[in-house]
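Throughout, protein chains are lettered first and strands after them, A, B, ... in sequence-line order, and every chain is numbered starting at 1.
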Number of protein chains: 2
Amino acid sequence: MARTTGSDGEKTEAAVREAAVSLIARLGYEAMSMRQLASEVGVQAAALYRYFPTKEDLLFMLMREHMEGLTAAWTAARPATADPAARLAAYVRNHIAFHIERRHATHVSNMELRSLSHERLTQILRLRTAYEKELRAILRDGVETGAFDIDDTGLTAMALIQMMTGVIVWFRPGERLSIAEVTASYLSMTMRLVGARIDTGTYNAARPFGRAKDAVAL
Amino acid sequence: MARTTGSDGEKTEAAVREAAVSLIARLGYEAMSMRQLASEVGVQAAALYRYFPTKEDLLFMLMREHMEGLTAAWTAARPATADPAARLAAYVRNHIAFHIERRHATHVSNMELRSLSHERLTQILRLRTAYEKELRAILRDGVETGAFDIDDTGLTAMALIQMMTGVIVWFRPGERLSIAEVTASYLSMTMRLVGARIDTGTYNAARPFGRAKDAVAL
DNA sequence: CAAATAATAAAACAAACGTTCAATTAATTC
DNA sequence: GAATTAATTGAACGTTTGTTTTATTATTTG
């Protein structure tokens with residue numbers, strides 16, 4: 001056999017991407033073989049090389065698209081206001097929503113960095129640093145305007161990001177807590193953590209420090 | 001050649017353990033070959049099998065010892081007091097100190113779980129859950145006594161652990177911040193996060209919510 | 001309907017993998 | 001100092017790995 005009836009390059013490529021994210025998240029990049037990936041898509045291993053030059057290229061493309069997607073999502077969600085509390089709230093909401101939606105891809109981007117060549121690792125880390133820089137800027141502005149009370153903005157930014165991204169480790173949609181509840185809780189924890197003054201925050205006018213239990217109503 | 005002069009089983013085994021933690025942390029378990037590990041120790045690959053039946057056995061032993069070490073450290077550091085704030089402070093201090101000291105081993109225990117068999121994965125997760133349960137109990141007690149103000153103790157415990165463990169991702173001893181400063185900052189962030197009432201906390205009587213900048217004096 | 005192109009299969013490659021085995025030498029015991 | 005035990009080497013095993021090449025068939029184009 002050779003070309004199969006109904007075969008379509010675009011569909012196959014999309015299927016490979018999807019299967020790769022899922023397989024790498026589950027088994028790890030090194031543990032996933034090209035034959036395994038091909039079989040998941042219903043194709044022979046050699047067919048993969050029509051779409052991706054090497055296994056590492058595949059990994060890199062997945063990671064780059066994920067990081068670019070994250071940046072793009074934040075660019076779209078970033079509010080116009082200068083108010084630090086409102087901007088921080090938007091950052092938290094966007095971060096949590098994005099990562100919960102793409103658990104597998106986040107896993108890949110966070111865990112498989114060591115499988116990239118030096119050059120490509122640098123490229124991904126550049127994207128990541130740029131995204132994190134946005135949070136540091138918000139925190140710094142908040143300290144300057146007196147909206148936040150923070151020891152060290154760099155340390156606090158890293159602590160917040162680790163805390164927020166960590167949601168994908170334990171959270172499973174459809175279990176005890178809803179996405180809205182989880183988001184509300186992380187928002188509340190974040191605001192407390194940065195020492196936000198209640199009256200400063202217009203991030204949730206109705207119930208600035210409301211409990212997550214009420215979040216379903218939001 | 002065969003047995004080499006000055007060879008000693010105990011020393012070789014210790015060297016293998018140490019090299020394995022470092023190599024797995026750097027390359028990943030799947031990416032590290034037994035020949036690579038052996039070469040790091042200055043021995044042939046076959047010699048490794050005198051100490052560890054299989055590669056997976058080696059990984060499992062490293063992980064189990066790490067988790068048991070963490071539990072043991074907490075058992076030794078756990079204070080006698082019933083005061084939730086003091087207990088939480090002790091938990092944070094122990095967690096951060098332990099993880100900063102063993103960055104590589106923590107990386108291994110957190111990132112290579114998927115390489116364990118189902119049975120062994122369960123065993124490691126049991127240890128982990130037991131350790132996390134201690135934190136949940138502290139938070140629950142704090143809520144009951146009114147020392148803390150928390151939405152959801154389960155969610156908050158996970159958020160705290162992710163935040164604290166995340167310190168190994170960005171922190172490097174000897175750079176901008178000292179261990180004491182980092183610990184003080186995380187302690188302060190934790191207390192705010194759980195809504196600790198200032199007067200409740202005897203966790204640091206002199207300067208309950210002191211800034212990390214002063215922490216060097218502690 | 002023929003020619004060109006796109007998409008795949010099948011087979012093969014050398015290299016690397018975890019692991020085993022027999023042989024060999026160092027250290028220890030009696 | 002001979003016998004025993006401990007520690008290691010070197011070679012080999014069968015698999016699996018990522019990747020390349022060639023042939024073959026489906027689809028599209030003119």
Return no unless some side-chain N or O of [X] is found under 4.0 Å from OP1 or OP2 of [N].
X: T12(A); N: dT8(C); answer: yes
X: R3(B); N: dT24(C); answer: no
X: Q44(A); N: dT8(C); answer: no
X: Y29(B); N: dC17(C); answer: no
X: S33(A); N: dT16(D); answer: no

- Query: Taking the side chain of M34(A) as its heavy atoms from C-beta onward, which of dT19(D), dA27(C), dA9(C) lies nearest to it?
  - Reply: dT19(D)

- Message: Counting only side-chain heavy atoms from C-beta out, which of dT8(C), dT25(C), dT19(C) sits nearest to A2(B)?
- Response: dT25(C)

Could you tell me how far apart [X] ([atom1]) and [N] ([atom2]) are, to the nearest whole angstrom?
X: L37(A); N: dT16(D); atom1: CG; atom2: P; value: 18 Å
X: R50(B); N: dG18(C); atom1: CZ; atom2: P; value: 21 Å
X: Y49(A); N: dT22(D); atom1: OH; atom2: C1'; value: 17 Å
X: D57(B); N: dT20(C); atom1: CG; atom2: C1'; value: 16 Å
X: Q36(A); N: dT17(D); atom1: CD; atom2: P; value: 7 Å
X: M32(A); N: dT16(D); atom1: CE; atom2: P; value: 17 Å
X: K55(A); N: dA15(C); atom1: NZ; atom2: P; value: 19 Å
X: L48(B); N: dG10(D); atom1: CG; atom2: P; value: 14 Å

- Message: Rounded to the nearest 0.5 Å, what separates atom CZ in R93(B) from atom OH in Y186(B)?
- Response: 15.5 Å

- Query: Which distance, rounded to the nearest 0.5 Å, do you find between the CZ of F171(B) and the CE of M158(A)?
  - Reply: 13.0 Å

- Query: Mapping E56(B) and G6(B) onto DNA chain C by nearest heavy atom, which one lands closer to the 5' end?
  - Reply: E56(B)

- Over 12 non-hydrogen atoms of neighbours within 6.0 angstrom of CD in E18(A): no

- Task: Before giving the answer on salt bridge (Lys or Arg N to Asp or Glu O under 4.0 Å), spell out for R64(B) and D57(B) the whole-Å C-alpha distance, their side-chain angles and the decisive distance to 0.1 Å.
- Result: CA-CA 10 Å; R64(B) 199 190 50 207; D57(B) 280 293; over 6 Å; no

- Task: Quickly, which of L121(B), L59(B), V108(B) forms a side chain to side chain contact (heavy atoms under 4.5 Å, CB included) with L113(B)? Name it, please.
- Result: L121(B)

- Inter- and intrachain pairs under salt bridge (charged side-chain N to carboxylate O under 4.0 Å, His left out), touching residues 28-45 of chain A, at least two apart: none

Sub-3.5 Å pairs of nitrogen or oxygen atoms, protein against nucleotides 11-13 of chain C:
unit_1	atom_1	unit_2	atom_2	d
dA12(C)	N6	R35(A)	NH2	3.4

- What bend angle does the helix from dC1(C)-dG30(D) to dC30(C)-dG1(D) show across its length, from five-pair end axes and to the nearest 10 degrees? 10°

- Task: Can you tell me which residue pairs pass the ring-ring contact (aromatic ring centres under 6.0 Å, His included) test with a partner in residues 95-116 of chain B, sequence neighbours excluded?
- Result: H66(B)-F98(B), H95(B)-H99(B), H95(B)-Y131(B)

- Got a sec, which pairs hit ring-ring contact (aromatic ring centres under 6.0 Å, His included) with one end in residues 12-31 of chain A, sequence neighbours left out? none

- Task: Could I get the full list of salt bridge (Lys or Arg N to Asp or Glu O under 4.0 Å) partners for E112(B), not counting sequence neighbours?
- Result: R114(A)

- Message: Under 4.0 Å, counting only non-hydrogen atoms across every strand here, what does F52(B) touch: a base, just sugar-phosphate, or nothing?
- Response: nothing

- Message: Checking side-chain polar atoms at under 3.5 Å, does S185(A) have a donor or acceptor matched by the opposite partner on D151(B)?
- Response: yes

